[in-house]
Amino acid sequence: MGIMRKLDALCINAQTRWNCFLTEERGDTNFISILVILGIALALAGVFLGFKDQVLAWVDTNIGDFFNQSGGR
């Protein structure tokens, strides 16, 4: 009779763990947040592709001005 009680307790424990696994949510995936950030990144990429010539010219000018300045330590 001791073995039957142990098997019964083992089955109840397994069933409880399975139910907890199916119903509990540990952690958060933030699926909506991931989609929003992905949308923003794609929009920024689209803007950069649309204005890449102007952006690259501005960066080139500013970096050139920075390195052509006289002075230093």
Side-chain angles (χ1 to χ4, degrees):
M1 205 146 112
I3 294 175
M4 291 302 287
R5 283 190 180 189
K6 287 182 181 179
L7 285 175
D8 200 26
L10 183 65
C11 287
I12 290 172
N13 189 15
Q15 186 178 10
T16 304
R17 287 180 184 247
W18 180 253
N19 287 338
C20 287
F21 174 74
L22 292 178
T23 58
E24 280 188 17
E25 291 184 25
R26 293 186 184 191
D28 189 8
T29 59
N30 285 329
F31 185 69
I32 301 299
S33 300
I34 293 170
L35 288 179
V36 168
I37 291 171
L38 185 62
I40 291 171
L42 289 174
L44 287 175
V47 168
F48 180 74
L49 286 176
F51 296 105
K52 72 178 176 183
D53 295 331
Q54 290 91 349
V55 171
L56 292 175
W58 178 81
V59 169
D60 187 42
T61 302
N62 285 331
I63 289 176
D65 290 345
F66 177 77
F67 285 114
N68 291 332
Q69 289 179 0
S70 60
R73 293 186 202 187

Starting from Ile37 and following side-chain heavy-atom contacts under 4.5 Å between hydrophobic residues (I, L, V, M, F, W, Y), which residues can be reached? none
Can you list everything that forms a side-chain contact (heavy atoms from CB on, under 4.5 Å) with Ile63? Sequence neighbours excluded, please. Val59, Phe67
Could you pull out all donor-acceptor pairs under 3.5 Å where a side-chain atom in residues 11-23 meets a protein atom, sequence neighbours excluded?
from  : atom 1 : to    : atom 2 : distance (Å)
Asn13 : OD1    : Arg17 : NE     : 3.4
Thr16 : OG1    : Ile12 : O      : 2.8
Asn19 : ND2    : Gln15 : O      : 3.4
Thr23 : OG1    : Asn19 : O      : 2.8

Set of residues satisfying side-chain contact (heavy atoms from CB on, under 4.5 Å) with respect to Ile40, sequence neighbours excluded: Val36, Leu44
Hydrophobic cluster partners of Leu49 (side-chain heavy atoms under 4.5 Å): none
